[in-house]
Every structure is written in C-alpha cells, then in structure tokens.
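Nothing here was measured: the structure is a model prediction, and the numbers come from that model. These numbers come from the heavy atoms of this one structure, side chains and all, not from hydrogens, waters or symmetry mates.
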Amino acid sequence: MVATPEEPSLTRWTLSRRLIVAGEIGNVFLIGVLYLHAYIWLNTLHCEISSFKNPTSPPLSPARVKRENKKMPVDLEDYTIIIGQDTIIPRNVLDRSCSQVHQYCSEKSQRLTGFPGVRGSPGDQGPVGPPGRRGPMGIVGPIGLVGEHGILGEPGRDGKCNCPFPDLYVQRVPIPGPPVIKIEEKMVPVPVVVVKEIEVTKFVPFEPTPPGFGPPDGWAPGMPKPGRTRKLPRYSTVRPPPTPKRKTTQSPIHVVPTEKNITMDDWNAEMNISTPKPYMGPPTLGYNRKECILAAVGIPVLHAESQYGRVGSWMRDALPNSMKTAKRRWVTDGFASPVLYEYEDERQLLDKVQKIKYYVDYLASGTGNVVYNGSYYYHKHGTTSLVRYELETGVQVEAELDPEMSHIDCGRLPDHTFEECNATDRHVWLYDRPHNYVDFAVDENGLWAIYAGADSETMRMAKIEPSLFVVNIWNVEVNTTEIADSFIMCGVWYGLKSANNLQTQITHAYDLFRNDTIPGQVEWYNPYQGLTMLHYNPLDARLYFFDNSSLLSVNVRIEEDLPEYIDD
C-alpha cells in the first residue's frame, strides 16, 4: 500500500492535537493539586484558630465557624498574655520568644551568665586610634617670677639705631658760621659733628640743636668765645648765707715737759688747755656741701634694654665701697616687686646676663628705690616704713618715715598685678604715675626721700641718714599729680613736667637749704615716651632714667657760681 501525500500532514496534526490535550489535562491536574493544598492549609489554620478560641472543641471541625468579635474570657489567663487593650499573645509563644532572647543575651552580651572564669592570655594589640578632639583652653594662671637666664648667645650683626635722635652716641657741638649749601634753591646750614676730636662735616638736612649745646642769645661770629655757663634769673627774699669764718692761725707752743712720766691729761691741765668734746647728739642738716644750679641737659645715651616689662627702674651705687661695686648695675621690674636683679657690669647688663637675684622680705613699692653704699633702700608696700637691705649680709632695717604720708594702695591680685580701685579707696599717688608713694634720691649731701601727704596732697622731702633717721622734713607747695618725676641735685629739688611727651621741661626747682623757689625751666627729652624713673647720681654727675624698657642716662651742665640774691 502506497501512502498518499496527505497522510504525513494528517499524522502531524494528530500528534499536535494529542499534545494539546495532554497539556490541558496536566493543567487541570495541577490546578486541582493547588486547590487541594490550599484547602488543607485553610483547614489546618481554621483548626488552630478554633482551638485557640475554644480549647474544649475538637481539633478538627469540618464546619466553618464564624469569627465573633468578642473579648477573651477571664479563664484564658493561664494560656494567654494580654499586652495593651486588645492585643493577646499565647503564653507558649511568649515563653519561646523569651527563651530565644535569653539565649541571645547569654551568647552575645554575656550578662546572664555565671561568674567569669580564669582570665585568658591577652590578645594582640590593636591599631592606634585617631587622636581625640582638643579640649577647651583653661584659665590662664598667675605669672611666675622670671627664671634663670640662659647661656650667652652668639653676637649678632651690626644693626641700625632705632632711636628717635640721630647720632645718639655722638655729642654734637655746633660751630659758629657753618658752611651753607644750596639744595633745591633753599639755604640749609650743615651741623658739624665732632667725634674723638676729629672734625667731620655731614651734609644732612637742618636739625635743631638740642638745648644746652647752642651759643647764648645775642652771640654772633667774631665775638669772644662764650662762657662755659650762663646764669639763671633768681629772686629771693631770704637772707644770704652767712659768710664762713676764716681760720685763725696761731704760732704753736712748744714746751718740753720736765718729767718723763707726766701724762697727757696732767700736761693739758698744767698748760690750761681745754679740748672741745665731740658732738654725740642726733644728726643735723648742716650745710650744703655743693652749691650748683642745673643749666641744661645733654643728649640721652642708651645703655641697654630691660629683659622685663615696660615699667621699672635701674641704678648704680651712688657711694660704692669698692671698684667692683662701682661697676655693678641693678634693675627692678614693675610697680611693686620683691626681687632686685644684679649685673656685674654694663656689658652683662647689655647681654642680659644676671649675676644675683635678691629676694627681699617685703614687697618693694614703686620705682623710686636706690642702691646707696652697698644697701638697697625701698618703701615697704602698704605701710609708712622704709627698709634698708644690706646686699652683702641680707640684714634688713625698718623705720617709719612719716605717719601722715600717703601709703594706702589698691589691692593686689594673684598674678602680681593691682586691681582697679577708685581714688576714694586709696591715698593719692606720688607723681602722675600709679602705685608710687616714695621716691628716694641721692645727691652730694647724702640720702633723701620724696613722698606725698595723705591729706594735703602736697610734695614733701625728707633728709634721711643711712640708718633711716629722719633729719628734717620740707613741705613744698606743689601738687603731687602735677609732675611726672623728680630728683635732687646739689640740695635743689627739680620736678619734671611730663613723662610721655617727647619734648617737655623741668619746670620746678626748689632750694631745700635756702627754702627758696628757683624760677626758670630746662628742656628735657623722653626718647621712648614712657619714663617711669629718674635719679641723679653724684658719682658721675649724670641723670639715670628708665624709659619704656630702655635704660638711659644723660649728662648735665651745671652752674657752680653762686646766684645773686636781691633783698627787699
């Protein structure tokens, strides 16, 4: 039998039909299985819910029970846990959860375990963590005392003088008739500078000649050389000093005693010779050992810079007992300090190399303290007493100056500074500078003390002995706050007008031995405009002053001729 061409297509169609029928049967079977599985799962869930609601009912109930929205009876407390108002959790579920939580806490946190066992060996060190954040800055503590100075460094390069005066270390002497040069159609005189007796002409702009170094008024080229000094006008109604008695000379009497065993007292009694007894009473003022008047001051000379603050003082012994002591220098710091710094010489002072620190027993008040004959004289802060501190032995002597002197100051803070206070809470300060009450001075007549009265606010001067014995006291009708500083030279008290102005004057002068005011004024310069101390030293006849951390001195020109008094 031969197959026709239509038979293969019929066979393929029959096979495809059979496959489609088989797929549909498979789908029906799968759907039935899924429905059966869902039915069984729903019945199981229904049984669990039924047993949860009614434990007495059988576990499997073919009939579906309608869920009622009723509250659980009270007798189910043994099987359920009520959380909140409408939330109920089976007790077994809660117990199982608590057991799992308990096991987790025991394994992870190790809190619900027993006592720890033996400590094991330490593990490897972990990596270093990053640095923590910087904490807040604390309160600044009190400033301590200055420590010891370090080693001397290498010398630096030559610098330029930063002083406000050119040629500070050169004494300029103007020569009459200086040469004139023509600059921009202007006639500019050229000052002449004399250095070590060598005449050098500098072509610099015109600069005023400092007072005390120019020719007197009315002098012109061709006149005789001007005198070394000039007289200041002086008027007084005080009687002139008595003329000293001339010494009478008598021919000596030479008498030879007749007996060898005669004594000196018998010899004086026989010859009727009386020897005056020496004066054994308290010290007296006496006479002025050197009479002179300040005519002018020179150019300030910078010696060194202080290694401490802007306020202080520096000094040299006005009556040294040896050449080694004469070379020493002393420096104080601040308005009140218990420390005195000593330097071997000015070279060590320039290099800021200290030798000794003297810690006195009391707080030294003010910047007017001095060193005199190997002792340090200062005012005991907050009292009316003066103290003499012997530098070699450390022995201190204290004596009261004046019970009516000004001495009550503002309170002290832990950082060694003063607290702010009103003028009614303290006594008046000496000068227009704060925290000063006593200013020591030294001249050719010895030691002096300048202070202020507590009530009258007038200037007072006291002549004192090295033993702090007060010889005499003067009241000068000058307000203590009208002047910036003062000094005594040749028994004359001089007052400076300002400590902060670059150009100022010495406007006050009072002769303490003649009790007379001297008119006139002398020009003065404050190079750094911060003067806190001014002293005259009779050893080298120079004025030493402390100006804004700078240690300077200046020479003086005096008139030794006695002034002429005019009687009324």
Side-chain angles (χ1 to χ4, degrees), residues 143 146 163-164 297 300-316 318 329-341 343 349 352 360 363-371 376-379 381 406-407 409-410 412 416-418 420 426-442 448-452 459 479-489 493-508 524-537 542-554:
I143 301 175
V146 180
C163 306
V297 297
V301 176
L302 178 64
H303 295 261
E305 293 286 342
S306 175
Q307 63 187 99
Y308 307 107
R310 297 174 177 265
V311 177
S313 63
W314 78 293
M315 62 205 79
R316 66 175 301 186
R329 300 294 183 268
W330 291 269
V331 176
T332 62
D333 177 32
F335 288 117
S337 174
V339 185
L340 177 67
Y341 305 97
Y343 300 84
L349 179 64
K352 299 180 175 60
V360 296
L363 189 65
S365 176
T367 58
N369 309 322
V370 297
V371 175
Y376 175 52
Y377 292 85
Y378 65 92
H379 171 224
H381 181 263
S406 177
H407 64 280
D409 200 359
C410 303
R412 294 271 293 176
H416 306 291
T417 59
F418 290 90
E420 296 183 0
R426 57 170 175 81
H427 284 169
V428 62
W429 286 324
L430 180 65
Y431 309 139
D432 61 353
R433 185 168 60 249
H435 312 298
N436 273 265
Y437 290 97
V438 177
D439 186 12
F440 288 88
V442 179
W448 303 78
I450 306 170
Y451 61 99
M459 195 73 64
N479 195 312
T480 58
T481 59
E482 291 181 357
I483 59 176
D485 214 313
S486 65
F487 61 93
I488 297 178
M489 183 182 70
W493 172 80
Y494 295 93
L496 182 64
K497 182 179 180 180
S498 175
N500 301 321
N501 296 335
L502 181 63
Q503 296 182 359
T504 183
Q505 299 85 25
I506 299 176
T507 55
H508 296 76
W524 177 267
Y525 289 90
N526 295 312
Y528 302 98
Q529 305 178 23
L531 187 142
T532 58
M533 159 258 173
L534 177 61
H535 284 163
Y536 170 72
N537 195 310
R542 296 183 66 87
L543 291 173
Y544 290 79
F545 60 102
F546 191 100
D547 189 0
N548 201 359
S549 299
S550 300
L551 283 56
L552 304 101
S553 71
V554 63

Locate the shortest heavy-atom distance separating [X] from [Y]; write the atom from each residue and the value.
{"X": "Trp429", "Y": "Thr481", "result": "O-CG2, 4.3 Å"}
{"X": "Asp432", "Y": "Ala484", "result": "OD1-CA, 3.2 Å"}
{"X": "Val428", "Y": "Ala452", "result": "CG1-CB, 4.5 Å"}
{"X": "Pro300", "Y": "Leu552", "result": "CB-CD2, 4.0 Å"}
{"X": "Asn500", "Y": "Ser498", "result": "N-OG, 3.3 Å"}
{"X": "Phe418", "Y": "Cys410", "result": "CD2-O, 3.7 Å"}

Between [atom1] of [X] and [atom2] of [Y], what distance do you get to the nearest 0.5 Å?
{"X": "Leu531", "Y": "Thr504", "atom1": "CG", "atom2": "OG1", "value": "10.0 Å"}
{"X": "Tyr528", "Y": "Glu305", "atom1": "OH", "atom2": "CD", "value": "6.0 Å"}
{"X": "Ser337", "Y": "Tyr378", "atom1": "OG", "atom2": "OH", "value": "11.0 Å"}
{"X": "Leu496", "Y": "Thr507", "atom1": "CG", "atom2": "OG1", "value": "7.5 Å"}
{"X": "His303", "Y": "Tyr544", "atom1": "NE2", "atom2": "OH", "value": "6.0 Å"}
{"X": "Ser553", "Y": "Phe545", "atom1": "OG", "atom2": "CZ", "value": "7.5 Å"}

Under a 3.5 Å distance rule, please check whether [X] uses its side chain to pair with a backbone N or O of [Y] as donor and acceptor.
{"X": "Lys352", "Y": "Ala304", "result": "no"}
{"X": "Thr532", "Y": "Gly312", "result": "yes"}
{"X": "Ser313", "Y": "Met533", "result": "no"}
{"X": "Ser549", "Y": "Gly309", "result": "yes"}
{"X": "Asn537", "Y": "Arg316", "result": "yes"}
{"X": "Asn526", "Y": "Asp547", "result": "no"}

(message) Taking salt bridge (Lys or Arg N to Asp or Glu O under 4.0 Å) as the definition, give me every residue that meets it alongside Asp485, ordered by chain and number, with sequence neighbours left out.
(response) Arg433

(message) Test of understanding: with salt bridge (Lys or Arg N to Asp or Glu O under 4.0 Å), list the residues that count as partners of Arg542, not counting sequence neighbours.
(response) none

Assess, by modelled atom type and distance only, whether the side chains of [X] and [Y] contain a donor and an acceptor separated by less than 3.5 Å.
{"X": "Trp330", "Y": "Tyr341", "result": "no"}
{"X": "Asn436", "Y": "His379", "result": "no"}
{"X": "Tyr431", "Y": "Ser486", "result": "yes"}

Once the angle between the rings of [X] and [Y] is folded into 0 to 90°, is it parallel (under 30°), tilted (30 to 60°) or perpendicular (over 60°)?
{"X": "Tyr377", "Y": "Phe440", "result": "tilted"}
{"X": "His427", "Y": "His407", "result": "perpendicular"}
{"X": "Phe487", "Y": "Tyr494", "result": "parallel"}

(request) Report the C-alpha separation of Ile488 and Tyr536 in whole Å, then their side-chain angles, then the decisive distance to 0.1 Å, and conclude whether the side chain to side chain contact (heavy atoms under 4.5 Å, CB included) test is met. (result) CA-CA 7 Å; Ile488 297 178; Tyr536 170 72; over 6 Å; no

(request) For residues Val438 and Leu430, determine if any side-chain heavy atom of one lies less than 4.5 Å from a side-chain heavy atom of the other. (result) no

(request) Would you check if Val331 and Leu551 make a side-chain contact, meaning some heavy-atom pair closer than 4.5 Å? (result) yes

(message) Go through it in stages, so that I can follow the logic: the residues are Val311 and Thr367, the test is side chain to side chain contact (heavy atoms under 4.5 Å, CB included), and I'd like the CA-CA distance, side-chain angles, deciding distance and then a yes or no.
(response) CA-CA 8 Å; Val311 177; Thr367 58; 4.0 Å; yes

(request) Verify side chain to side chain contact (heavy atoms under 4.5 Å, CB included) between Ile483 and Met459, making sure each step is shown before the conclusion. (result) CA-CA 10 Å; Ile483 59 176; Met459 195 73 64; 3.3 Å; yes

(request) Using the side chain to side chain contact (heavy atoms under 4.5 Å, CB included) rule, take Phe546 and Thr332 through it: C-alpha gap first, then chi angles, then the decisive distance, then the call. (result) CA-CA 10 Å; Phe546 191 100; Thr332 62; over 6 Å; no

